[in-house]
Amino acid sequence: MRGENKLRVAILWHMHQPFYFNPDDNRFDMPWVRFHGLKDYLDMPLMASRHENVRVTFNLVPSLLDQIDMYCSGCTDRHQELTTIPARNLTFENKKEILENFFSVNHQTMLEPYTRYRQLFRKKESCGADCDLAAEIFSTSEWLDLQVWSNLAWIDPLFREEEPVKRLFEKGKDFTEEDKLGLIDYELKILGRIIPTYQKLYEEGKIDLSFTPYYHPILPLLVDTDCARESVPDMDLPENRFIHPEDALWHLEKSAEKFKSMFGRDIIGMWPSEGSVSEDVLKLMESTGIKWAATDEEILTNSLLKSGLAPRGHSPHRLYSYKGAPGIKLFFRDRGLSDKIGFVYSGWTADKAVGDFMQNLQGIRNLLKDDLDNHVVPIILDGENAWEYFPNDGREFLEKLYDALAEDDQIEAVSYAEAAEYVTPVALPSLFAGSWINHNFRIWIGHAEDNAAWDLLYEARKALTEYEKNNPDADPEKLARAWKQIHIAEGSDWCWWYGDDHMGAFNAQFDMLFRKHLIYMYRTLDLEAPPILGRPIHRGKTESFVSLPESLVTPVLDGLLTHYYEWSGSGHYDCRRAAGAMHRTDHVITGLYFAFDHEHFYIRLDFANRFSLVDSGKYRVVIDFGDLGRYEIDPAEACDDDGGFCFRYNRVLEMRVPHKEL
């Protein structure tokens with residue numbers, strides 16, 4: 001180790017995104033690899049390498065690097081395609097898709113600071129849930145500005161002095177098609193700098209690198225899904241027990257091969273996907289040549305209990321080795337300090353956050369001052385998603401953190417490889433099977449949706465092995481393409497979004513992508529995919545089509561959307577989504593809004609098609625409040641303007657009912 005009488009802290013940033021490539025469309029369904037490439041993957045190693053005496057470890061996922069390479073080779077994503085369409089040529093459906101996806105950023109840090117982006121979002125929000133109306137009211141110039149800002153907001157602050165980014169930020173609005181295409185070209189240049197930067201900094205010894213198994217699988221579950229019952233004995237498991245340690249070994253070996261081919265050295269360390277470990281997995285890792293691995297401190301606590309040892313007498317800041325795989329040094333992440341960076345410090349000033357972090361390290365040093373050489377504090381967390389919650393993408397925090405570590409003469413930032421080489425481990429008789437999340441595997445197995453996905457994977461893999469057995473002369477290239485789909489489907493990200501654990505805007509897309517990979521496997525072999533793969537696994541949460549009023553509203557009764565904010569804050573019933581959920585095909589009313597002020601209750605109806613209430617003879621409009629009153633609109637009757645019941649119809653139907661009549 002480099003320093004004497006110093007507390008060693010080992011920081012690991014884990015860089016990972018799911019495999020978004022759609023084999024049917026030959027493009028990425030979601031843009032997050034590209035966006036995080038612009039925001040996180042290049043600035044992070046550059047900032048970490050500024051100080052000669054600070055070493056930081058970056059854990060990369062091979063399939064993430066594959067996706068970056070694919071972008072550089074010409075692959076695109078759907079967001080990118082929508083961006084490159086000239087604004088004047090956008091179809092109505094293009095516009096709706098843009099409105100639904102181009103504001104998918106952290107609003108506090110990536111939208112609100114930018115006047116034009118904020119204005120465009122407010123305009124879209126003024127239409128409530130009526131996406132059709134919003135798609136009609138944007139001008140060509142506004143569509144173009146939205147296309148640019150939905151990309152520009154992702155450029156990391158470190159690069160905003162570079163052209164054309166600097167000029168676009170200064171311009172702010174009224175962008176041209178040439179501005180937009182110049183930005184897209186710049187994005188590809190940023191992506192092209194990422195891998196060479198890691199290679200250069202690693203070769204120069206300014207950063208350290210580790211990998212995760214190839215497609216980010218939960219290795220213990222590939223080895224044997226029954227291992228999930230070690231932490232949750234009564235867990236419901238899939239109908240078919242998945243036992244394929246050879247697949248786990250494939251992900252390990254292919255990861256090691258990619259590391260060697262990219263960086264010219266043998267892989268030394270690994271953060272297994274989601275910190276997931278088991279005794280069998282450690283043995284496989286040792287056979288691959290791995291020298292160190294890391295997981296969570298709760299795994300240490302449970303491993304000690306499993307071994308009949310008292311957790312209180314064992315520090316999470318020591319290194320350990322499991323007796324079944326003594327060649328691997330085990331780090332157990334300091335959960336408290338890691339989670340402070342990931343979930344707490346974003347709401348603090350950079351000075352306060354870094355001060356607190358260093359003070360915590362100093363407190364640990366004071367406790368360990370008589371035995372510093374045998375201890376290290378492992379800090380491990382996501383290296384990309386946290387920063388969008390920090391002001392300025394975390395730049396001030398990270399720069400001040402690295403400065404503080406460089407200047408402190410009692411604390412030293414070391415790589416995991418250094419610590420593994422020099423710190424003597426404590427023997428661990430047993431290792432508990434679990435992940436960094438609650439020391440179990442509940443996120444990925446046990447829920448009915450998770451289990452359904454595992455069973456589909458089981459059947460697809462079985463079909464492939466039977467095909468190999470029955471076709472000994474099969475084309476090796478075809479088999480390799482089929483196996484690739486299985487290995488992709490073994491990744492952890494699909495089941496992350498199944499079940500009740502994580503609900504987001506893209507659950508259905510992840511579900512569809514998972515099933516597409518399996519369908520593509522069957523298709524590759526010229527086999528008919530089981531019909532069940534055409535049905536969604538993800539059932540979604542119980543969906544409410546009603547949003548309640550948020551503020552007092554007094555609309556102008558003229559049968560028009562008089563201004564953008566007229567009904568802002570009202571309640572809304574989404575008739576189209578509700579009808580779609582009930583499989584109805586005819587939509588007369590597309591939206592129902594309801595609001596109130598101190599004197600009146602208001603209703604607004606939006607229709608699928610304009611028609612004459614007087615002449616149609618087909619529709620009647622009746623508002624029935626049950627015991628409180630019933631109102632039927634007589635289109636031939638003049639509207640009362642004395643504060644009583646009133647309605648107006650033009651493009652929409654607006655109605656007013658006095659509270660006193662209810």
Side-chain angles (χ1 to χ4, degrees), residues 30-31 34-35 38-39 76-157 159-190 388 505 556 558 560-568 590-591 606 610 650-652:
M30 289 174 263
R34 176 168 60 92
F35 282 161
L38 305 177
K39 194 176 75 68
T76 61
D77 59 63
R78 181 58 180 158
H79 184 287
Q80 200 173 18
E81 292 173 357
L82 288 169
T83 297
T84 55
I85 298 172
R88 64 183 178 277
N89 295 339
L90 291 168
T91 68
F92 188 70
E93 291 305 315
N94 290 156
K95 293 174 180 179
K96 289 174 63 177
E97 193 174 352
I98 285 173
L99 290 172
E100 289 168 359
N101 293 287
F102 277 36
F103 296 105
S104 297
V105 297
N106 183 295
H107 284 205
Q108 181 178 351
T109 60
M110 296 176 67
L111 184 147
E112 291 294 335
Y114 310 120
T115 303
R116 184 56 163 169
Y117 203 12
R118 185 174 67 246
Q119 289 172 346
L120 295 170
F121 177 69
R122 296 284 192 275
K123 186 167 184 175
K124 177 246 184 186
E125 285 295 285
S126 72
C127 300
D130 190 344
C131 194
D132 288 0
L133 178 60
E136 291 181 358
I137 65 175
F138 275 65
S139 68
T140 299
S141 177
E142 288 171 322
W143 288 117
L144 183 49
D145 285 355
L146 179 53
Q147 287 174 315
V148 171
W149 269 110
S150 69
N151 287 271
L152 195 58
W154 286 90
I155 303 292
D156 190 83
F159 309 124
R160 291 183 182 177
E161 291 302 309
E162 298 182 6
E163 294 294 356
V165 175
K166 181 180 180 181
R167 180 175 55 82
L168 294 178
F169 269 101
E170 290 172 351
K171 191 172 184 179
K173 61 184 293 188
D174 298 326
F175 299 115
T176 66
E177 291 291 341
E178 290 72 23
D179 289 334
K180 183 177 68 176
L181 295 178
L183 178 59
I184 293 295
D185 287 342
Y186 175 82
E187 290 180 357
L188 294 176
K189 291 175 183 176
I190 286 282
E388 61 201 65
V556 178
D558 57 5
L560 299 169
L561 186 59
T562 309
H563 56 82
Y564 298 144
Y565 302 105
E566 182 182 14
W567 285 83
S568 179
T590 60
D606 295 356
R610 297 189 69 174
N650 190 332
R651 181 186 178 85
V652 300

Judged by atom type as modelled, is there a donor-acceptor pair below 3.5 Å linking the side chain of [X] to the main-chain atoms of [Y]?
X: Asp77; Y: Met30; value: no
X: Thr140; Y: Arg88; value: no
X: Asp179; Y: Thr176; value: yes
X: Glu187; Y: Arg34; value: no
X: Gln147; Y: Ile98; value: no
X: Trp149; Y: Gly172; value: yes
X: Glu97; Y: Asn101; value: no
X: Glu177; Y: Ala87; value: yes

Atom pair [atom1] ([X]) and [atom2] ([Y]), whose distance is rounded to the nearest 0.5 Å:
X: Thr83; Y: Asn151; atom1: OG1; atom2: CG; value: 4.0 Å
X: Phe138; Y: Leu120; atom1: CZ; atom2: CG; value: 5.5 Å
X: Cys127; Y: Glu566; atom1: SG; atom2: CD; value: 11.5 Å
X: Phe159; Y: Lys189; atom1: CZ; atom2: NZ; value: 14.5 Å
X: Lys96; Y: Leu90; atom1: NZ; atom2: CG; value: 14.0 Å
X: Asn94; Y: Asn89; atom1: CG; atom2: CG; value: 9.5 Å

| query | Less than 4.5 Å apart, any side-chain heavy atom of Gln80 and any of Leu188? | reply |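 Yes, at least one pair of side-chain atoms sits under 4.5 Å.
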| 4.5 Å side-chain heavy-atom contact, Asp558 and Asn650 |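 They are not in side-chain contact.
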Tell me the closest heavy-atom pair linking [X] and [Y], and the distance in Å.
X: Ser150; Y: Phe35; answer: O-CZ, 3.7 Å
X: Tyr117; Y: Ala153; answer: CE2-CB, 3.9 Å
X: Pro164; Y: Gly182; answer: CG-O, 3.9 Å
X: Leu99; Y: Lys124; answer: O-CE, 3.6 Å
X: Trp154; Y: Ser104; answer: CZ2-O, 3.8 Å
X: Met110; Y: Val105; answer: CB-CB, 3.9 Å

| request: Assign the ring pair His79 / Phe102 to parallel, tilted or perpendicular, where the plane angle (0 to 90°) is split at 30° and 60°. | output: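 Rings of His79 and Phe102: parallel, under 30°.
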| task | Before accepting this row, confirm whether a basic side-chain N of the pair Glu81/Arg78 lies closer than 4.0 Å to the acidic partner's carboxylate O. | result |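 Salt bridge present between Glu81 and Arg78.
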| task | Using a strict cut-off of less than 4.0 Å between a Lys/Arg side-chain nitrogen and an Asp/Glu carboxylate oxygen, indicate whether Glu112 and Arg122 qualify as a salt bridge. | result |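 Salt bridge flag = yes for Arg122 with Glu112.
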| query | On the ring face of Phe175, is Lys180 found with NZ or CZ under 6.0 Å from the centre and within 45° of the axis? | reply |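 No, Lys180 does not sit over the ring of Phe175.
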| query | Take atom CD in Glu162; do more than 12 heavy atoms of anything else shown fall under 6.0 Å from it? | reply |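 Above 12, so yes.
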| Member of Gln119, Lys123, Arg116 meeting the side chain to side chain donor-acceptor pair (under 3.5 Å) criterion with Glu142 |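 So, applying the side chain to side chain donor-acceptor pair (under 3.5 Å) to Glu142 and each of Gln119, Lys123, Arg116, only Lys123 qualifies.
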